[in-house]
Amino acid sequence: QVQLVESGGGSVQAGGSLRLSCTASGHTYARKCMAWFRQAPGKEREGVALISTGGGFTYYADSVKGRFTISQDNAKSTVYLQMNSLKPEDTAMYYCAATPRDSSCSTLHEYEAYYWGQGTQVTVSS
């Protein structure tokens with residue numbers, strides 16, 4: 001079993017930055033690939049970024065490429081999402097996800113989440 005706890009959300013003006021954190025507990029084999037997803041009101045959930053906890057491979061959605069950076073601190077069992085140059089369209093609930101499947105760690109389309117965090121709200125005002 002894996003538990004994920006997100007933090008770091010908040011309100012910021014367009015052009016600002018936030019850093020989200022996701023601290024995980026549970027067996028490391030159950031979280032071989034970590035990811036961030038987001039869901040805005042009335043919209044479908046979309047993948048934002050993923051990272052292989054073993055090899056450090058990363059993948060980003062086109063909408064955040066060049067602005068967001070996913071990273072990890074394995075000693076702290078924590079994955080981060082550094083979000084720069086935020087836009088109003090980045091406003092959403094952001095969720096951390098984990099999977100034990102290596103095959104999920106290729107693209108966000110292929111990602112099969114087994115565990116989810118409770119989410120943290122990010123609001124970007126214009």
Side-chain angles (χ1 to χ4, degrees):
Q1 189 73 11
V2 173
Q3 290 187 324
L4 305 171
V5 179
E6 303 101 329
S7 61
S11 297
V12 65
Q13 288 191 327
S17 299
L18 284 172
R19 188 177 80 157
L20 306 183
S21 299
C22 172
T23 300
S25 61
H27 293 291
T28 54
Y29 68 78
R31 40 188 171 93
K32 290 183 178 178
C33 191
M34 303 287 290
W36 287 97
F37 285 75
R38 66 186 181 186
Q39 187 167 21
K43 294 188 176 181
E44 292 187 357
R45 185 175 57 201
E46 63 171 342
V48 175
L50 63 78
I51 185 166
S52 167
T53 56
F57 171 80
T58 59
Y59 185 91
Y60 296 91
D62 287 343
S63 58
V64 306
K65 208 171 288 183
R67 299 188 298 123
F68 291 11
T69 302
I70 190 169
S71 63
Q72 61 185 344
D73 184 337
N74 287 337
K76 296 181 179 180
S77 298
T78 300
V79 172
Y80 304 99
L81 185 68
Q82 178 67 44
M83 306 185 295
N84 299 328
S85 303
L86 282 162
K87 304 175 182 180
E89 50 264 44
D90 294 318
T91 295
M93 185 72 80
Y94 282 70
Y95 297 92
C96 180
T99 180
R101 297 175 64 93
D102 286 324
S103 59
S104 281
C105 224
S106 54
T107 69
L108 290 161
H109 179 73
E110 301 291 333
Y111 193 87
E112 184 181 357
Y114 276 51
Y115 306 99
W116 292 95
Q118 82 288 352
T120 186
Q121 178 68 37
V122 171
T123 302
V124 184
S125 58
S126 57

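Heavy atoms only: backbone and side chains are in, while hydrogens, waters and symmetry mates are out.
- Nearest heavy-atom pair, G55 versus S52, reported as atom, atom and distance to 0.1 Å: N-OG, 3.2 Å.
- Of all the heavy atoms in L81 and A49, the pair that sits closest is CD1-CB, 4.3 Å.
- Taking the six-membered ring where the residue is Trp, the centroids of Y111 and Y59 are separated by 6.0 Å or more.
- Residues M83 and F37 are members of separate hydrophobic clusters, defined by side-chain heavy-atom contacts under 4.5 angstrom among Ile, Leu, Val, Met, Phe, Trp and Tyr.
- A pairwise comparison of heavy atoms in L4 and V2 identifies CD2-CG1, 3.7 Å as the closest pair.
- Here the side chains of L108 and Y60 are not in contact, with every heavy-atom distance at 4.5 Å or above.
- Going from atom CG of L20 over to atom CH2 of W36 covers 4.5 Å, rounded to the nearest 0.5 Å.
- At least one side-chain heavy atom of Q82 sits under 4.5 Å from a side-chain heavy atom of S17.
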Hey, mind stepping through L86 and F68 against side chain to side chain contact (heavy atoms under 4.5 Å, CB included) and telling me if it holds?
-> CA-CA 9 Å; L86 282 162; F68 291 11; 3.8 Å; yes

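- Put simply, the side chain of D90 reaches to within 4.5 Å of the side chain of R67, judged on heavy atoms.
- Here OH of Y115 is found 8.5 Å from OG1 of T99. Values are rounded to the nearest 0.5 Å.
- Side-chain N or O atoms of R38 include none that pairs as donor or acceptor with a backbone N or O of V48 at under 3.5 Å.
- Within a 6.0 Å sphere centred on NZ of K43, heavy atoms belonging to other residues, nucleotides or ligands number 12 at most.
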Determine, step by step, whether Y114 and R31 satisfy the side chain to side chain contact (heavy atoms under 4.5 Å, CB included) criterion, reporting the C-alpha distance in whole Å, the side-chain angles of both residues, the deciding distance to 0.1 Å, and the verdict.
-> CA-CA 9 Å; Y114 276 51; R31 40 188 171 93; over 6 Å; no

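- The distance from atom CD of E6 to atom SG of C22, rounded to the nearest 0.5 Å, is 5.5 Å.
- Between P88 and S126, the shortest heavy-atom distance links the atoms CG-CB, 3.9 Å.
- Here the side chains of W116 and C96 are not in contact, with every heavy-atom distance at 4.5 Å or above.
- To the nearest 0.5 Å, atoms OG (S7) and CZ (R19) are separated by 8.5 Å.
- For the side-chain contact (heavy atoms from CB on, under 4.5 Å) test with M34, the passing option among I70, T53, L50, T78 is T53; the others fail.
- In summary, the side chains of T91 and T123 do not present any donor paired with an acceptor at a separation below 3.5 Å, with no hydrogens or angles considered.
- The CZ atom of R45 sits 8.0 Å away from atom OH of Y95, with the distance rounded to the nearest 0.5 Å.
- Open room surrounds CD on Q3; 12 or fewer heavy atoms of other groups in view lie less than 6.0 Å from it.
- Nearest approach of S106 to F57, heavy atoms of both residues: O-CE2, 3.4 Å.
- Taking OG of S11 as the start and CD of Q121 as the end, the distance is 7.5 Å to the nearest 0.5 Å.
- Of all heavy-atom pairs spanning E46 and S63, the tightest one is OE1-OG, 4.5 Å.
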